[in-house]
Student: 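Here it is, the structure, as structure tokens.
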Amino acid sequence: MDLTYEEDSCFVKFSEVEKMANIRAEINEVQLLPLSVTIVSTLQFYFIGKKCEMLQDMNRHLEAVLKEKRTLRKMLIKPRCQESLPIEATFHKDVVELLAEAVTFIGNLERQLQTLRSIPQIPDVMKNMDTALTKTEMLVMELEELGDQILKWSELQK
């Protein structure tokens, strides 16, 4: 019995130590809770402040853009080719060749665009060609008849 009683006393001490540890943990949690709430709210205000600064910077930039709206619009409307860019003398030959190729390219592009524009008109053109071919065949037949009549008339005249 004494042996079991000692074991019980050991378990009693262990449960008391466990209760004390739990109480200490609860006390620490209660003490840390306001601290963590304070830290979280501080961080939240910090990030809100950063976002506010970014939004204010963006707002200032947009206000500047709106003030410069007329100037920006003029710059966008103005063709860029009117500005002269300095070109080194060594590249002048290349620029001349490039311009010649650009003119050729534009000419080819215009021809191809004209071809593309004429595609919807192809059925009408084909009908006109069929009509012209029929008329030409009729004229050829009439010409043959006239040729025969001329030959007959020249034979009669002899």
Student: Quick one: CD on Glu68 to CD on Glu63, what's the gap to the nearest 0.5 Å?
Tutor: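 So the CD of Glu68 and the CD of Glu63 are separated by 13.0 Å.
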Student: Output all residues satisfying side chain to side chain contact (heavy atoms under 4.5 Å, CB included) with Leu99, sequence neighbours left out; order by chain, then residue number.
Tutor: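 For Leu99, the residues satisfying side chain to side chain contact (heavy atoms under 4.5 Å, CB included) (neighbours in sequence not counted) are Val95.
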Student: Return a table of donor-acceptor pairs under 3.5 angstrom between the side chains of residues 141-158 and protein atoms on other chains or two or more places apart.
Tutor:
| from | atom 1 | to | atom 2 | distance (Å) |
| --- | --- | --- | --- | --- |
| Ser154 | OG | Ile150 | O | 3.3 |
| Ser154 | OG | Leu151 | O | 2.9 |

Student: Do Asn22 and Glu18 have side chains that get closer than 4.5 Å, going by heavy atoms?
Tutor: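 The answer is yes, as the side chains (C-beta and beyond) meet within the 4.5 Å cut-off.
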Student: Once rounded to the nearest 0.5 Å, what's the spacing between atom NE2 of His61 and atom CG of Asn59?
Tutor: 11.0 Å
Student: Taking only distance into account, with no hydrogens and no angle test, what donor-acceptor pairs under 3.5 Å do side-chain atoms of residues 124-138 form with protein atoms, sequence neighbours excluded?
Tutor:
| from | atom 1 | to | atom 2 | distance (Å) |
| --- | --- | --- | --- | --- |
| Asn128 | ND2 | Asp124 | O | 3.4 |
| Thr131 | OG1 | Lys127 | O | 2.9 |
| Thr134 | OG1 | Asp130 | O | 2.8 |
| Thr136 | OG1 | Ala132 | O | 2.7 |

Student: For side-chain contact (heavy atoms from CB on, under 4.5 Å), just list the numbers for Leu113 and Leu109, CA-CA rounded to whole Å, side-chain angles, deciding distance to a tenth of an Å, and then say yes or no.
Tutor: CA-CA 6 Å; Leu113 287 174; Leu109 183 65; 4.2 Å; yes
Student: Among residues at least two apart in sequence or on other chains, which ones pass side chain to side chain contact (heavy atoms under 4.5 Å, CB included) with Gln56?
Tutor: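 Partners of Gln56 by the side chain to side chain contact (heavy atoms under 4.5 Å, CB included) criterion, ordered by chain and then number, come out as Cys52, Arg60.
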Student: Measuring from Lys93:NZ to Glu97:CD, what's the distance to the nearest 0.5 Å?
Tutor: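 Answer for the NZ-CD pair, Lys93 versus Glu97, is 5.5 Å.
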Student: Holding to salt bridge (Lys or Arg N to Asp or Glu O under 4.0 Å), I want the full list of residues that pass it with Asp94, two or more places apart in sequence or in another chain.
Tutor: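 For Asp94, no residue satisfies salt bridge (Lys or Arg N to Asp or Glu O under 4.0 Å) once neighbours in sequence are set aside.
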Student: Supply the members, apart from Leu98, of the Ile/Leu/Val/Met/Phe/Trp/Tyr cluster built from side-chain contacts under 4.5 Å; use none for a lone residue.
Tutor: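 Its cluster partners, ordered by chain and number, are none at all.
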